[in-house]
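For reference, the structure discussed in these notes is given below.
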Amino acid sequence: MKALISKLTATNTGLDTLPLRLGAGVIFAAHGAQKLFGWFGGYGLEGTAGWMASIGLEPGMLMAAMAGSAEFFGGLLLVTGLLVRPAALMLALTMFVAIVTVHLENGLFMSNNGYEFGLALLAISVALVFRGAGSLSADRLLQRQLTQ
């Protein structure tokens with residue numbers, strides 16, 4: 001079990017990932033809260049499920065719950081720096097699906113509902129998969145505890 005926790009929390013030292021984790025984590029958590037709870041002007045789980053079903057992502061309720069949970073809980077994990085590599089992988093996959101199924105046909109720019117914002121979040125997520133949480137993180141604290 002110790003080896004599994006060590007692999008899941010592995011991270012490189014440095015502060016370079018802190019602004020990425022905090023910025024993207026807040027954005028992801030807020031978007032997830034819109035989907036799951038209807039906070040911040042969102043449509044909540046039922047509204048999001050209906051929209052997802054209408055664009056062919058079926059079953060809508062499951063897809064909305066998965067996307068909303070990935071964003072909300074994944075965002076919270078990024079902010080705290082806990083399990084950043086697996087959370088970032090989950091978020092990267094979520095952004096890839098969003099880009100391909102919703103935004104790609106609209107081109108790059110956000111003004112046309114394009115994929116530029118999703119691509120930025122995808123790039124941040126992929127960087128965090130490779131780099132880890134960094135020095136100021138719960139992952140780093142767990143690593144220290146495991147090596148004592």
Side-chain angles (χ1 to χ4, degrees), residues 1-55 57-104 110 113-148:
M1 185 64 157
K2 190 174 179 180
L4 176 62
I5 293 170
S6 182
K7 284 185 182 197
L8 290 176
T9 61
T11 187
N12 296 310
T13 58
L15 299 177
D16 53 335
T17 58
L18 184 62
L20 296 176
R21 286 193 302 104
L22 295 178
V26 167
I27 291 167
F28 276 122
H31 277 266
Q34 287 180 312
K35 288 176 179 72
L36 293 176
F37 314 120
W39 297 352
F40 314 116
Y43 297 106
L45 193 55
E46 286 188 29
T48 303
W51 174 76
M52 286 190 164
S54 77
I55 63 167
L57 291 173
E58 293 279 0
M61 187 62 77
L62 176 63
M63 298 305 280
M66 287 174 51
S69 294
E71 291 177 358
F72 182 71
F73 295 109
L76 294 178
L77 289 171
L78 292 187
V79 169
T80 61
L82 179 63
L83 299 172
V84 165
R85 287 180 194 256
L89 179 60
M90 174 180 58
L91 290 166
L93 292 172
T94 302
M95 286 298 93
F96 179 78
V97 170
I99 289 168
V100 170
T101 61
V102 179
H103 301 288
L104 192 61
M110 284 176 55
N113 196 29
Y115 59 89
E116 74 175 307
F117 186 61
L119 182 61
L121 291 173
L122 172 62
I124 291 168
S125 298
V126 170
L128 291 171
V129 168
F130 287 112
R131 187 85 173 111
S135 295
L136 292 178
S137 66
D139 283 351
R140 175 58 73 199
L141 291 174
L142 285 171
Q143 285 291 307
R144 284 189 191 133
Q145 292 298 319
L146 291 172
T147 58
Q148 290 180 0

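Note that this is a predicted model, so its numbers are computed, not measured. All heavy atoms count here, side chains included; hydrogens, waters and symmetry mates do not.
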Criterion side-chain contact (heavy atoms from CB on, under 4.5 Å) on Leu121 and Leu91, from CA distance to verdict: CA-CA 8 Å; Leu121 291 173; Leu91 290 166; over 6 Å; no
Qualifying residues under ring-ring contact (aromatic ring centres under 6.0 Å, His included), relative to Phe72, sequence neighbours excluded: Phe37
Donor-acceptor under 3.5 Å (Arg21 side chain, Ala133 main chain): yes
Those residues that, when tested against Trp51, pass ring-ring contact (aromatic ring centres under 6.0 Å, His included) (two or more places apart): none
Results of side-chain contact (heavy atoms from CB on, under 4.5 Å) for Ala65 - residues two or more places apart only: Leu45
Nearest heavy atoms of Ala88 and Leu128, plus distance in Å: CB-CB, 3.7 Å
CZ-OG1 distance between Arg131 and Thr17, expressed to the nearest 0.5 angstrom: 6.5 Å
Check: Thr101 side chain, Val97 main-chain N or O, donor-acceptor pair, under 3.5 Å: yes
Euclidean distance, Leu62 CG relative to Met52 CE, rounded to 0.5 Å: 10.0 Å
Shortest non-hydrogen contact from Glu71 toward Gly32: OE1-N, 3.4 Å
Within-4.5 Å side-chain heavy-atom neighbours: Leu77 and Val84: no
Closest non-hydrogen atom pair between Phe73 and Leu36, with its separation: CE1-CD1, 4.5 Å
Rounded distance (nearest 0.5 Å) linking atom CD of Gln143 with atom OG of Ser137: 9.0 Å
Shortest non-hydrogen contact from Asp16 toward Thr13: OD1-O, 4.5 Å
Shortest non-hydrogen contact from Ala33 toward Phe40: CB-CE1, 3.9 Å
Val102 and Asn113, any side-chain heavy atoms less than 4.5 Å apart: yes
Those residues that, when tested against Tyr43, pass ring-ring contact (aromatic ring centres under 6.0 Å, His included) (two or more places apart): none
CD1 on Ile27 to CD1 on Ile124, rounded to 0.5 Å: 6.5 Å
Smallest separation among heavy atoms of Gly14 and Ser135, with atom names: N-OG, 2.7 Å
For Glu46, side-chain contact (heavy atoms from CB on, under 4.5 Å) partners two or more places apart: Met61
Value rounded to 0.5 Å, distance of CG in Leu89 from CG in Leu83: 12.5 Å
Inter-residue atom distance Leu8.CG - Leu142.CG, 0.5 Å rounding: 10.5 Å
4.5 Å side-chain heavy-atom contact, Leu122 and Thr94: no
Selection residues 132-148 - residue pairs positive for salt bridge (charged side-chain N to carboxylate O under 4.0 Å, His left out), sequence neighbours left out: none
